[in-house]
Each structure stands twice: as structure tokens, then as C-alpha cells.
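Let me begin by presenting the structure, written as C-alpha cells, before commenting on it.
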Amino acid sequence: MIRFPKFITTLVVVAITSAAVAQNENSRASFYVEQYKDLAIAEMMRTGVPASITLAQGILETGGGQSDLASQANNHFGIKCKSEWTGETMLHDDDAKGECFRKYPSVEASFQDHSDFLKNRPNYAFLFKLDPTDYEGWAKGLRKAGYATNPAYATKLLRIIIDNNLQQFTLVALQKKERIENELFVSHDEKNRVQKEVVYVEKEEPVTIVAPKVTTVTYKQPVSKSNISYTTGEIFSINDTKVLYIEAGTSLFAIANNYNISYKKLLDFNDLNEVDILQKAQLIFLQKKPKKGSKEIHIVEAGENIYEICQKEGIQLVSVLEYNRLTKGMEPAKGERLYLKFPAPVSPKIATNEKPFVVSSSR
């Protein structure tokens, strides 16, 4: 019979035990995700807290749903009472003995309070400026903002997110929200249609109902040589993308709020830097513009700059720059051909006497 040294036997036992512990942790995490993924997605759509972060924190704080706080107080995120808490409480040993923790009537209430806790406390405000898919930034930001005292807190969250592919639930929430936004656009379109329907008065003469303070602007499409009128505040489509024509002096924050779009997304959709009040009337897209135009070429007219062309054609600024071998700040000369679907054979001539568009610059 072969006898192994004692230290080798010990190493084997430790390895087997560690593997069993890891497998058990993964199993608990998977079960936790299956139970609460829908709650995390719903909370992301309500408040903007990434679903991946919510699930990772829940798994870490509860040990996959096994902690005393989770089972006895429905507290899945280790939130302590704080001075503003008026609900039920539970004493639990944490950083100190017998600390006060919040007790919830349901797991749903715990998830909602966690989202509100992050959303409403000023030390976490910077997190909501991050892209919701930036789970690394959120994990490190939570640690920086003081959510937990453990210096390895961010590292642990990241490991849980990666091991359990939690990012997929953030993406699901984003897709669901986009679908809802699209449905809102449809309802807005329907409302506009109904408001403009013809009604009849005594002599059966048709009268069109027109909303007050409506402004109509016209500009020429150089390729088709046709005039197109756009009415301020009315949703229409360019390159299969929802868009409004907005007057100077309009607040982009108000537009974002009115159409249930984040301010950051509205800026991204329109290749804008941070700006609130528009200095000039322009087209504002409510959806992300495509990378390709609806036609192949745009002929540059006098006074047009490349940003305005991208808005008129409904195409991303970065794509037009790449197709035409241009860099930010370069403006094509009058009469030059800008390619909108594929790379140009040569770069267009650059205007020497026109200033680049500054107010609405690329992000």
C-alpha cells in the first residue's frame, strides 16, 4: 500500500474542500439570480441602478440568499437603519456588535429601498453619470462612496458579475426600456394625428385643429431638390429614426424628461456635448441615428456644416467623418460630395473660409 506524506494528503483535502465550497457558492448564486433577476431588471428600469450591480450586491451581502438578515429581515443589501428610517428594525453583528439594520415586509421592498438609497443619497450621485453597462465603474464607485468598509468589496462584486454573466440582465433592462420608449413615441404620433383630424361645424365646412404657437421651417434637400417643411414639436422620421425640430431657447433637459429619455442619451443621439438651452433651432433625434444614411451621397450646400448635414440626413457624425476621411473640425467645401453609406474614394475639399460648427460639437 502506497503511503503519501502527510502534507500532500492535507493539500489534497484542502483542494477538494475548496472546490466543493466554490461549487456550493456558484450554485447558491445561480439560484439567487433565477429568483431575483426580474426584480433587479424592474428596479433598473425604474431608477437606473444597473441590474448586474443589484444582483451582485444581493449575492455578496446575503451569501446567495443565506444570511440571517435576508431570511429574518428580508434585508438583501445590508442597509443599516440610519436616522431617517422609520420602519421595523433588526439588531445584527456587523462592524460592531448589535448594530441596527432595516427590516422589510418583503424582498421586493428591500430591492426598492436599495435602489432609492443609492438614487437619493448625494454621495452616490456621481454613479448615475456612468454608463449603466460600466459595471466596473459602478463597483469601484460604490466602494469609493463608502457603501462597504471591506477594501476588496469592488473586486468581489466584479468577480460575481463576471462568473455569473450578470451583465446580460443590464442589457435586458436597457432593451425593455427602449421598447417602452418606442411605444411612447407611437402614442405621441397618434396624439398628434388625432389633434389634426378634420372636424365639422354647422355648414359642414372642414376645419383643421392646429395647436397654438406652432412654427414651420423649410430647408432644401440638395440631392432631391425638394423643399421639406418641418413643424416645431411634431415627431417625424428621418432615415427611419424619430426626430423633432426644436426652436432656439428650448431646454434639452425638458425634451429628455418629456419623452422619457435620459439626458445623456439625448446628447449621445445628437452628437452633442453637455448643453441645456439650444442656442439655435435644430433637429433633435429621439433615437440613436444609424451608421449609414438612407442615400449614398450628400452634396454640400453653401453655409452647411458637417454637423447639420448629419442631422439632416439622420446619420451618426463619427460615421460620416470615417467614410470621408475627415477629422473633427474639418468642414467640407460647397459642392463637395459627402459619402453616407461607404468610404469615399477621395477626401472632400475643405472649406477655407468657413468656421467649424462649435455649439453642437461631437461628444
Side-chain angles (χ1 to χ4, degrees), residues 21-125 127-128 132 135 138-161 163-164 166 169-170 172-173:
V21 170
Q23 185 176 2
N24 191 32
E25 288 178 350
N26 290 338
S27 178
R28 289 202 303 265
S30 297
F31 184 71
Y32 188 94
V33 170
E34 190 60 31
Q35 274 190 303
Y36 303 120
K37 62 184 180 182
D38 291 337
L39 272 179
I41 290 169
E43 284 305 299
M44 178 173 172
M45 294 173 66
R46 184 177 73 89
T47 65
V49 179
S52 62
I53 289 293
T54 298
L55 288 169
Q57 284 193 279
I59 291 169
L60 179 57
E61 295 287 347
T62 67
Q66 304 298 307
S67 71
D68 290 341
L69 278 175
S71 60
Q72 298 175 32
N74 285 320
N75 189 329
H76 279 234
F77 301 96
I79 299 180
K80 297 178 182 178
C81 294
K82 306 292 182 182
S83 58
E84 72 272 15
W85 181 249
T86 58
E88 292 188 62
T89 63
M90 173 179 169
L91 298 181
H92 179 72
D93 295 347
D94 191 51
D95 295 327
K97 186 176 179 62
E99 291 189 271
C100 182
F101 284 84
R102 300 182 182 188
K103 185 176 182 179
Y104 303 99
S106 65
V107 177
E108 290 82 357
S110 177
F111 272 69
Q112 290 168 5
D113 189 50
H114 167 259
S115 300
D116 293 338
F117 185 85
L118 296 180
K119 187 73 173 177
N120 299 326
R121 300 181 82 85
N123 53 315
Y124 298 113
L127 291 171
F128 293 87
Y135 58 83
W138 270 82
K140 291 179 178 178
L142 284 169
R143 172 68 186 94
K144 179 181 178 182
Y147 191 95
T149 56
N150 188 338
Y153 191 76
T155 303
K156 291 182 177 182
L157 287 181
L158 292 174
R159 175 49 55 196
I160 292 172
I161 291 171
D163 286 350
N164 296 279
L166 300 184
F169 303 110
T170 292
V172 168

Atom of [X], atom of [Y] and distance for their closest heavy-atom approach:
X: M90; Y: A73; value: SD-CB, 3.6 Å
X: F77; Y: Y147; value: O-OH, 2.7 Å
X: G65; Y: A70; value: O-CB, 4.2 Å

What verdict does the side chain to side chain contact (heavy atoms under 4.5 Å, CB included) test give for T170 and Y135, after you've listed the backbone C-alpha separation in whole Å, the side-chain angles of each residue and the deciding distance to 0.1 Å? CA-CA 9 Å; T170 292; Y135 58 83; over 6 Å; no
When rounded to the nearest 0.5 angstrom, what is the spacing between [atom1] in [X] and [atom2] in [Y]?
X: F101; Y: L91; atom1: CZ; atom2: CG; answer: 9.5 Å
X: E88; Y: N74; atom1: CD; atom2: CG; answer: 10.0 Å
X: T149; Y: D94; atom1: OG1; atom2: CG; answer: 7.0 Å
X: L142; Y: L157; atom1: CG; atom2: CG; answer: 6.5 Å
X: S110; Y: F117; atom1: OG; atom2: CZ; answer: 11.5 Å
X: Y32; Y: L55; atom1: OH; atom2: CG; answer: 7.0 Å

Which residue pairs pass the disulfide (SG to SG under 2.5 Å) test when at least one of the two sits in residues 34-65, sequence neighbours left out? none
Can you list every pair that meets disulfide (SG to SG under 2.5 Å) and has a residue in residues 25-120, with sequence neighbours left out? C81-C100
Using side-chain heavy atoms (C-beta onward) and a distance below 4.5 Å, is [X] in contact with [Y]?
X: H76; Y: L39; answer: no
X: R143; Y: K140; answer: no
X: V33; Y: F169; answer: yes
X: K37; Y: V172; answer: no
X: D116; Y: T47; answer: yes

Under 3.5 Å, is there a donor-acceptor pair between the side chain of [X] and the main chain of [Y]?
X: R102; Y: G87; result: no
X: S52; Y: I161; result: no
X: T54; Y: A40; result: no
X: D113; Y: A109; result: no
X: N75; Y: I79; result: yes
X: T62; Y: G58; result: yes

Just to verify, which of F128, Y124, Y153 counts as forming a ring pair (Phe, Tyr, Trp, His ring centres under 6.0 Å) with W138?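 Of all the options given, the one that passes is F128.
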Quick one, L118 with Q57, criterion side chain to side chain contact (heavy atoms under 4.5 Å, CB included). Give me CA distance, side-chain angles, the key distance, then yes/no. CA-CA 12 Å; L118 296 180; Q57 284 193 279; 4.3 Å; yes
Sole residue of K119, M44, H114 in side-chain contact (heavy atoms from CB on, under 4.5 Å) with V49: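 Testing V49 for a side-chain contact (heavy atoms from CB on, under 4.5 Å) against K119, M44, H114 leaves exactly one candidate, H114.
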Does the distance from a Lys or Arg side-chain N to an Asp or Glu carboxylate O, for K80 and E61, drop under 4.0 Å? no
Around E99, counting heavy atoms of other residues, nucleotides and ligands shown, do more than 12 lie under 6.0 Å from its CD?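 Yes, CD of E99 has more than 12 neighbouring heavy atoms, counting only those of other groups under 6.0 Å.
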